[in-house]
Amino acid sequence: MDFAELLQDVERFAVPPEPLTARLREILAPSQLSDIPEGVRLPVHFVDGAVAVEQTDAVRLIAAVACAVTTSSSSVALPVVTAEAAIPVGGDSERFRSLLMAHCELEAAVATPGLVVVDGGLVTSLLAVASAPLIRDADVRASALRFTKRRGTLEAVAGYLDKVLSGQVVALPKQDTAQAYTSRWLTHPDLQAEAQSLVRFRDRPLIQALLRPGELLAPRDATEARRTKAAGDEDTDLGQFGIAVDDQLARLRAAQGLIVAYFKPHAGAQRTIKFETNAVAEETAGRIAAAMSAEADSPTVMEPFGQHLVDRLCKVEVRAHLRSLTAAVASSSVHDQGHRYRT
């Protein structure tokens, strides 16, 4: 097979031409590009979640966890939060399982002291909770409402937003289609000759080529986070839950200090890392980038080391929790469980 044309497309879409990045550096330096200090180590805790499903002919058993770890020598106790549910097989499984995992992540972030680093964007878990009122199946809606009341999901949302607005949460989105930086550069009067090349690239691959090791790109306003809304109506209990969630999200929409920034670690794999936070706190974007850079010094780990550790821990914990859940069902009085065929 001849993949020459395909490989040309891969290079064209993935690798910004060197003249383009050189021109960008010429225009943006020094006002938009800065060196991040080395050796900064903040007491940071990492939070992540995982979800697993065991499906039979009629029922989906869902197990969700969220864990926190630290790479410092701190002896503070860090939480492992679990949740579980059984729902009928149907089209609402993804939204319900997202609700369970999001709740666990929010609860773990609230219970973890100090500066917390979460996997995904600042609003990733909030969006999963905010979409719960869109669940259609009556049994699944009832299960979602019972869960949110029993576990205090609205309180977890409020507590998480308290931490975000006080600058105690740093989010690490991995995959994104953002073009906020490239769109801004498209209108720069000195980059009109490069516009045709600029318009083809998303932020991440272009910034990956632009930044040198140990550099931070000046933060931009996190306009995406301010657009977060919850579904809801007054006709159902779950819809009223959505209205209450949206009342909390209004605090986020009114926030003034939400930022997005990119940096390239000093060492390690040197994959450009994107982070989001609220810059009203003592920790500036430069200090946060420096702390994350110190966590990203392995050539084989493409993210801060603590995030790698917590991701691995969550996968272990969720498998163990699912085994306990399925064992409890198997030993119960429910004899006709159907055939289990997917995990």
Side-chain angles (χ1 to χ4, degrees), residues 44-54 60-70 76-87 92-135 140 143-164 168-174 228 230 238 241-242 244-245 248-249 306-326 328 343:
V44 179
H45 308 302
F46 296 83
V47 170
D48 199 3
V51 65
V53 175
E54 181 79 36
R60 287 187 175 117
L61 302 175
I62 303 174
V65 305
C67 309
V69 303
T70 181
V76 63
L78 297 176
V80 175
V81 179
T82 63
E84 58 286 320
I87 61 172
D92 288 312
S93 174
E94 185 61 36
R95 190 162 275 131
F96 189 85
R97 63 192 281 187
S98 295
L99 168 64
L100 258 63
M101 190 176 83
H103 172 92
C104 291
E105 290 177 326
L106 295 173
E107 191 176 314
V110 172
T112 301
L115 190 63
V116 174
V117 178
V118 298
D119 192 26
L122 277 178
V123 299
T124 300
S125 296
L126 295 172
L127 286 171
V129 173
S131 65
L134 297 176
I135 294 172
V140 182
S143 293
L145 184 62
R146 285 198 308 271
F147 176 83
T148 57
K149 287 184 174 180
R150 185 178 73 251
R151 294 295 296 268
T153 302
L154 185 59
E155 291 76 10
V157 168
Y160 175 77
L161 286 172
D162 288 343
K163 288 187 74 91
V164 169
Q168 295 183 76
V169 177
V170 177
L172 299 179
K174 289 188 174 63
T228 305
L238 196 58
F241 166 78
V245 170
Q248 288 294 326
L249 294 178
Q307 204 64 37
H308 167 73
L309 289 179
V310 75
D311 177 79
R312 190 171 63 182
L313 175 62
C314 282
K315 288 180 170 60
V316 172
E317 291 286 342
V318 80
R319 285 195 292 267
H321 192 49
L322 182 63
R323 283 196 297 270
S324 298
L325 177 58
T326 54
T343 300

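For the numbers below, each heavy atom of this structure counts, side chains included, while hydrogens, waters and symmetry mates do not.
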Run the side-chain hydrogen bond (donor to acceptor under 3.5 Å, both in side chains) test against [X] and tell me which residues pass, sequence neighbours left out.
| X | answer |
| --- | --- |
| Thr153 | His103 |
| Gln248 | Arg251 |
| His321 | Glu84 |

How close do [X] and [Y] get, counting heavy atoms only, and between which atoms?
| X | Y | result |
| --- | --- | --- |
| Leu126 | Leu122 | CD1-O, 4.0 Å |
| Cys104 | Val65 | CB-C, 3.9 Å |
| Val310 | Phe46 | CG2-O, 3.6 Å |
| Ala171 | Gly121 | CB-C, 3.5 Å |
| Val118 | Ala109 | CG1-CB, 4.5 Å |
| Tyr160 | Val110 | N-CG2, 3.3 Å |

To the nearest 0.5 Å, how far apart are [atom1] in [X] and [atom2] in [Y]?
| X | Y | atom1 | atom2 | answer |
| --- | --- | --- | --- | --- |
| Phe147 | Ile87 | CZ | CD1 | 12.0 Å |
| Arg323 | Glu54 | CZ | CD | 11.5 Å |
| Leu238 | Lys149 | CG | NZ | 9.5 Å |
| Asp92 | Leu99 | CG | CG | 11.5 Å |

| query | Does the Thr70 side chain pair with the main chain of Val44, one donor and one acceptor, at a distance under 3.5 Å? | reply | yes

| field | Check: Pro113 main-chain N/O paired with Lys163 side-chain donor or acceptor under 3.5 Å | value | no

| query | Which residues pass the salt bridge (Lys or Arg N to Asp or Glu O under 4.0 Å) test with Arg95, sequence neighbours left out? | reply | none

| task | Report the residues that fulfil salt bridge (Lys or Arg N to Asp or Glu O under 4.0 Å) with Lys315, sequence neighbours left out, ordered by chain and then residue number. | result | Asp311

Partners of [X] by side chain to side chain contact (heavy atoms under 4.5 Å, CB included), sequence neighbours excluded?
| X | result |
| --- | --- |
| Glu155 | none |
| Pro79 | Ala68, Val81, Ala108, Ala111, Thr112 |
| Leu309 | Val69, Thr71, Phe305, Arg312 |
| Ala86 | Val59, Leu61 |

| salt bridge (charged side-chain N to carboxylate O under 4.0 Å, His left out) pairs, two or more places apart, involving residues 106-122 | Glu107-Arg151, Asp119-Lys174

| said: Under the side-chain hydrogen bond (donor to acceptor under 3.5 Å, both in side chains) definition, can you give me all pairs with a residue in residues 122-132, not counting sequence neighbours? | reply: Glu105-Ser125

| Within a strict 4.5 Å, meaning less than it, do heavy atoms of the Thr228 and Leu127 side chains meet? | yes

